[in-house]
Amino acid sequence: MSGPPVVDLSGAWERDVLAGDLQAVDPPKQIPRLRALVLEANRADRSLMALFRAMERVDPIALTDLALGPRAPAGSRLVEAALAVVDTLELQLSPGSLYRRLVVLSGGETSAILALAARRHPAASFLVALSDAAGEPEPGLAHLLAASAHPAFVQACWDHAAAGHHAGLVAAARTTGRPEAAAALLANGAVPAAQRAVALLLEEHPDAVVAPYLVGVWGPDLDAFWQGVIHRLRSRAAVQRLSRICGDNPRLHALLEAVARGLTVSG
Amino acid sequence: MTTGPHRALILGSPGRYPFNGHLRLAVHSGGARLHLAAVVAPGCEPPVAHAATVALQAQLADAEGSGRFDLLRSAWELLAGIDPSLLGPARGGDLALLMVAWDDDGLGVAGTGLDALHALGAQVEPLLEGAHPLFGIRGVPANPPGLFTPHEPPAVVVGSPATGALDPLAHPSWPLACGYRAGGAA
């Protein structure tokens, strides 16, 4: 049994191939040599973009094998080049499998993979599991931000809430101002996280219409929920916003007034 | 004779926002009390449904009367007088309403857009099913539907909307299937 071909990155053939010149290459017959080149270039932190871009024109199947196959090397250069030819790779492999494989090959730096997958497939359910697989610090956030202007945003909120991605949903509510993120948390029983999300909406998105979505998932009895929001507010303006939407329970308003007194005017 | 308090609840609907367009309201007037639950514009986006509930609640909050019959009559009159355009795109045609009114002499149950009533106590028991003048299609009725007077006034009456009610047995409890959280308002 022979070992892998010896690769000299300074060799003429290697230089030409890495530069995207495939005139001297017959991909189906030279897959082992190409694979060895990819392995060595990836290890040497050399760009594979020109090669992959050339390969997608010449032999997309061989490209898929080189970039994603079982013997593809993990590393940032490979992932970077694969993302550059993702249009072609998506024709060869289902998006879910493709991006999961890229996460495995990434060796840890997954944010670009997740962002691209979310941008290209904002309605895709595979992004929920991918958020976990990619080790996203606030799982779901990349997907939710990418989907925030898409009709699938609400479904994505519910999917991520069911997957336990509470921090991602809180961050998404804060960034997008969309109350559906808080509603999804509440619908899935994540009450403290929903209260955090609502507090942030009240603090940072004065125009967010919150109460109707909460009533829709929880019912009209929101007093106990609002109590948990009050102690998370940090500004008088947010306290006043809550005061306008929380109904007419005198105990709740007394609590709001007490909290408002404890906050600085500038707060 | 009944001293109350009594409570009206309406079952939610299947879907992402099971309690969209739900409201509850308590009214005290003279020696009578009224508690009602309603759902209006449930198929609309939550802000649209919520605006309809706010309008309906504001209108019905003015109900008054010295006894339970007067109070119910007043509520029906107020309902008939509301501007339908305030009740969502269906102009109140999707309304389901359950009212329980009581005074020292007894309790009356009225409503629209319902097809079953259950009594909630230690157990859940059917209160009224099948054909009854109280039951009918959703919407603001042209004339007040029939009144039901239970022999033993239940603490909680649960109404099933005439269409689109969720299955309470699929929920942890009947109150939760109505979006009722103990300790909340109204």
Side-chain angles (χ1 to χ4, degrees), chain A residues 151-162 169 177-189 191 194-195 198 201 205 207-229 242-256, chain B residues 7-27 35-58 60-61 88 97-98 156 158 166 168 171-186:
Chain A
F153 176 76
V154 179
Q155 182 62 51
C157 286
W158 255 254
D159 291 345
H160 283 287
L169 280 155
R178 297 281 299 266
E180 295 94 330
L185 287 164
L186 193 54
N188 281 274
V191 178
Q195 289 166 330
V198 168
L201 286 165
H205 297 276
D207 297 329
V209 179
V210 178
Y213 294 89
L214 303 179
V215 170
V217 298
W218 194 250
D221 306 323
L222 286 170
D223 285 6
F225 179 84
W226 293 133
Q227 284 185 32
V229 173
L242 179 52
S243 178
R244 287 194 292 271
I245 65 172
C246 71
D248 54 6
N249 183 317
R251 279 185 302 175
L252 209 53
H253 282 274
L255 183 58
L256 280 164
Chain B
R7 181 176 289 279
L9 299 176
I10 285 185
L11 288 169
S13 308
R16 183 171 288 143
Y17 296 107
F19 311 112
N20 195 32
H22 276 234
L23 72 93
R24 288 193 275 274
L25 176 66
V27 177
H35 192 269
L36 66 86
V39 55
V40 63
C44 299
E45 283 295 302
V48 176
H50 193 65
T53 67
V54 170
L56 184 61
Q57 187 162 351
L60 295 177
L97 169 69
L98 173 63
V156 180
V158 176
L166 53 75
H171 277 65
S173 73
W174 277 64
L176 287 177
C178 299
Y180 174 66
R181 320 273 161 178

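Chain letters run A, B, ... following the sequence lines, proteins first, then strands; residues in each count from 1. Computed from a predicted structure; not experimentally measured.
A distance of 9.5 Å separates NE2 in B:H35 from CG in B:L98, rounded to the nearest 0.5 Å. Atom CG of residue A:D248 and atom OG of residue A:S243 lie 11.0 Å apart, to the nearest 0.5 angstrom. Atom CG of A:L214 sits about 10.0 Å away from atom CD of A:Q195, to the nearest 0.5 Å.
Ring geometry, B:Y17 versus A:W158: the interplanar angle exceeds 60°, so the pair is classed perpendicular (tilted spans 30 to 60°).
Chain A is approached within less than 4.5 Å, heavy atom to heavy atom, by B:P47, B:H50 from residues 47-58 of chain B, ordered by number.
Just one of B:V39, B:V158, B:L97, B:L36 meets the side chain to side chain contact (heavy atoms under 4.5 Å, CB included) condition when paired with B:I10; it is B:V39.
Counting heavy-atom pairs under 4.5 Å between each of A:G216, A:G219, A:G247 and chain B puts A:G216 at the top.
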* In sequence, state the C-alpha distance, the side-chain angles, and the governing distance for A:R251 and A:D223, and then conclude on salt bridge (Lys or Arg N to Asp or Glu O under 4.0 Å). => CA-CA 9 Å; A:R251 279 185 302 175; A:D223 285 6; over 6 Å; no

